[in-house]
Amino acid sequence: MEERIDVLRKIQIALSLEIVNEDLFKKPLTKISGVDLAFTRQEAIIASVIVSYPSLDDLEVKTLVTELNFPYVPTLLCFREGPAIVKMINSLRSKVDVFMINSHGIAHPFICGCASYVGVLTQKPTIGVASSNLCSKYDYKPQEEGKALPVYYEGRTVGWILKSKAKSRPIFVSPGHLVGLDSSLRITKECLRDHKLPEPLFRAHRLANEEKNRIL
DNA sequence: GCGACAG
DNA sequence: ATCTTGTCGC
């Protein structure tokens, strides 16, 4: 069992070497997809909401149901959710410029959060947005709405802690793949409206749960 | 050794 | 994440 984890660690480290944190997404940016999952006993409902950028109008919504085969293990989330997200991305008809994934990107102990994992496997630009911290260090939390402070891991900047909504806990943003550090924050901020999470993710989260309740 | 630990 | 009622606050 420990050997099993060792193999997965090596995969993460190998994938981390493939990550490119430069702005190689299409410009001007016109389509962003938020991807999130909801769970039932033995399956996952995965939702993608593609919105126009920067107007954020819904362009295409889609859900898929898939089986889960890997448990949730902190730092190994990509092996649980990654395959389903890749399946969703590969099934979309619209050409999406950047994917926002509900997870961390490079702000990960092995530099391989689920957003980075998905980006490398699909070679699509990705940004990771999480509601809580995993391994980053930061000096203090931003207090003013809209403000962000860098977060570090082993001495280098790997993302941001962003006060996305006045009376909510801050969120954690980190580039996944084919997106730079600054752009990951800028794009995320441009997608903020009335919720703590950026619109693509807020809508994908809501859609996944609506679909889950519908099929139950 | 102990605690912490995305979803 | 999920299982769950009411409840406090914007």
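The model shown is predicted, which means the values in this text are computed figures rather than measured ones. To find a chain, count down the sequence lines: A is the first, B the second, and so on, and within it residues start at 1.
Summarising the geometry, the separation between CE on M88(A) and P on dG7(B) is reported as 19 Å, rounded to the nearest angstrom. In this structure, the NE2 atom of H104(A) is 11 Å from the P atom of dC5(B), given to the nearest Å. What separates CG of L216(A) from P of dT2(C) is a distance of 10 Å, to the nearest Å. In this entry the distance linking CD1 of I45(A) with P of dG7(B) reads 18 Å, nearest Å. Rounded to a whole Å, the CD1 atom of I215(A) is 12 Å from the P atom of dT2(C). Atom OH in Y153(A) sits about 14 Å away from atom P in dA6(B), given to the nearest Å. Spacing between atom CD1 of I85(A) and atom C1' of dG7(B) amounts to 10 Å, rounded to whole angstrom units.
For the segment residues 176-193 of chain A, the set of residues with a heavy atom within less than 4.0 Å of an atom of DNA chain C is empty.
Look at N209(A) and you'll find a side-chain N or O under 4.0 angstrom from OP1 or OP2 of dT2(C). Distances shorter than 4.0 Å separate none of the side-chain N or O atoms of K165(A) from OP1 or OP2 on dC10(C). K196(A) has no side-chain polar atom (N or O) that falls below the 4.0 Å cut-off from OP1 or OP2 of dC10(C). Note on S132(A): every side-chain N or O is 4.0 Å or more away from OP1 and OP2 of dC5(B).
The aromatic ring of Y72(A) is stacked on the base of dG7(B), with the two ring centres less than 5.5 Å apart and the planes inclined by under 30°.
Between D97(A) and K26(A) there is a salt bridge, since a side-chain N of the basic residue sits under 4.0 Å from a carboxylate O of the acidic one.
Remark: the S91(A) side chain and the K62(A) side chain contain an N/O donor-acceptor pair separated by less than 3.5 Å. Side-chain atoms of K212(A) and T40(A) form no donor-acceptor pair, as typed in the model, at a separation below 3.5 Å.
Taking each heavy atom of M100(A) and L201(A) in turn, the nearest pair found is O-CD2, 3.5 Å. Taking all atoms of both residues into account, the shortest heavy-atom contact from V158(A) to I106(A) is O-CG1, 3.3 Å.
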Worksheet item: Would D6(A) and K10(A) count as a salt bridge (Lys or Arg N to Asp or Glu O under 4.0 Å) if you check the C-alpha gap in whole Å, the side-chain angles of each, and the deciding distance to 0.1 Å?
Response: CA-CA 6 Å; D6(A) 198 52; K10(A) 283 175 174 153; 3.2 Å; yes
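Cation-pi contact between K27(A) and F25(A): present, with separation from the ring centre below 6.0 Å and deviation from the ring axis of at most 45°.
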